[in-house]
Amino acid sequence: MITLDRFILEEERQHPDATGELSMLLMRFGVAGKRIAWELSVGGLKSGLGSAGATNVQGEEQKTLDVLANEILLETFDYGGLVSIAASEEMAEPYIYERNAEKGRYAILFDPVDGSSNIAVNGTLGTIFSVRRRGKGAADLLGSGRAQVAAGYILFGPATLLVYTCGEAVRLFTLEPSIGEFLLTSSAVRTPKRGKGYAVNEGRAGGWAAQTRAFVEHLKTSDRATGRPYATRYSGSLVADFHRILLEGGIYLYPASADRETGKLRVLYECHPLAFVAEHAGAAATTGRGPVLDVVPGSLHERIPFAIGSAEEIALYERFLRGQASS
Ligand code: FBP
């Protein structure tokens, strides 16, 4: 039984210059994940699955559990001097940890509850997180995705899973509820070069660019030799859809559309962290024009068109968008 703490401490020994701070920080995400998992599991009995009666900086209705998970994450890093600044999809401005302001060498960024539309219907949800070296202030959070030190997600499904990378292999842990510990399930997750499923909200196809529609039509066209048609697998939760792709291959898309010219998903809280995991598992993530990890956002809540998946599907999608491929 290799617990998260044991795995992280043994990993740390491989890095003689390690201070142990990143190790403690990663362990904290495990703690926050357990607390959020519990709150989600009793949400309907306790804090409620409804609206918090407020909207976030994205103009979206905040759910009670969005706010609660956000508070749990802020609290979890408020001691020990590890983190000086935290930015969240649910907060207009970053939170500065005054008492860690001098010492805290790291900044954390997170989407507390991904797939909010699934909360009221007991669907799969996730928490997405990213760790960067702290800079002088909020402006230094606006770096490329390659500046991340670590990134990952917690998936709240039948089991609670923790997936992360520190820029090396992608690790997968499963929460063992009876002992309350995340146990190692895979120390090096690899994504197949090609998959057989796709995830996109086709209800929005009317507003897509013609090349995007052509690509999705291509996946749906029957051709045994290339394993088509692909199966539609769209759950309403990016984390759930990405986790399936991480293990089985395939592609998830949230493209630009007439009413969402920059797509929906946020660079710092969703796209950069999942792209960091994807690339270290041999998969890829693109804006359609280039790697998501090369994007340097101009603002904290910037959105981009986003596709993530197996290397072959992402390359094909980019060729369709450049008009170099057709069905
Ligand atoms: P939240 O972080 O606010 O949940 O938004 C992200 C998300 O819910 C993704 O998890 C999901 O894939 C997508 O938006 C669903 O959007 P739509 O309802 O437009 O298909």
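Atoms within a ligand are numbered from 1 in the order they appear, just like the ligands themselves.
- Closest non-hydrogen pair, Ile245 versus Thr191, comes out as O-CG2, 3.3 Å.
- At a heavy-atom distance under 4.0 Å, no atom of Lys63 approaches ligand 1.
- Residue-ligand proximity, Glu89 to ligand 1, at heavy-atom distances under 4.0 Å covers atoms 1 (P), 2 (O), 3 (O).
- Atom 14 (O) of ligand 1 has as its closest protein heavy atom Lys264 NZ, 2.9 Å.
- Ligand-side atoms of ligand 1 in range of Leu238: 9 (C), 10 (O), 11 (C), 12 (O), range being under 4.0 angstrom from any heavy atom.
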Residues 290-300, side-chain donor-acceptor partners within the protein, below 3.5 Å, at least two apart:
| residue | atom | partner | partner atom | Å |
| --- | --- | --- | --- | --- |
| Asp294 | OD1 | Arg146 | NE | 2.5 |
| Asp294 | OD1 | Arg146 | NH2 | 3.2 |

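- Checked by atom type and distance alone, the side chain of Arg233 never pairs as donor or acceptor with a backbone atom of Asp241 at under 3.5 Å.
- Ring-plane geometry between His218 and Phe320 is classed as tilted, the angle between the planes lying from 30 to 60 degrees on a 0 to 90 degree scale.
- In this structure, Met1 and Arg6 approach most closely via the heavy-atom pair O-NH1, 3.8 Å.
- Here the closest non-hydrogen pair linking Val216 and Trp208 is CG2-CZ3, 3.8 Å.
- Distances below 4.0 Å separate heavy atoms of Asn201 from the following atoms of ligand 1: 17 (P), 19 (O), 20 (O).
- With ligand atoms numbered from 1 in the order given, ligand 1 contributes 1 (P), 2 (O), 3 (O), 5 (O), 6 (C) to contacts under 4.0 Å with heavy atoms of Arg266.
- A donor-acceptor contact shorter than 3.5 Å links the side chain of Asp114 to the backbone of Val239.
- The single protein non-hydrogen atom nearest to atom 19 (O) of ligand 1 is Tyr254 OH, 2.6 Å, given as residue, atom name and distance.
- Ranking protein heavy atoms by distance to atom 11 (C) of ligand 1, first place goes to Gly236 O, 3.4 Å.
- Within ligand 1, counting atoms from 1 as listed, the ones closer than 4.0 Å to a heavy atom of Asp111 are 2 (O).
- Residue contacts with ligand 1 for Leu265 involve side-chain atoms from C-beta outward but no N, CA, C or O (heavy atoms, distance under 4.0 Å).
- Both the sub-6.0 Å distance and the 45° axial angle are satisfied by Arg28 relative to the ring of Tyr79.
- Atom 12 (O) of ligand 1 has its closest protein heavy atom at Tyr252 OH, 2.7 Å.
- Within the 4.0 Å heavy-atom cutoff, Gly115 counts among the residues contacting ligand 1.
- Within the listing of ligand 1, atoms 2 (O), 5 (O), 6 (C) sit less than 4.0 angstrom from a heavy atom of Glu270.
- Heavy atoms of Tyr234 come nearer than 4.0 angstrom to ligand 1 in at least one pair.
- Distance alone, capped at 3.5 Å, is enough to place a donor-acceptor pair between the Glu176 side chain and the Ser178 backbone.
- Within the 3.5 Å criterion, the main-chain N or O of Ala92 finds a donor-acceptor partner in the side chain of His301.
- Here Val239 has no heavy atoms under 4.0 Å from ligand 1, in either its backbone or its side chain.
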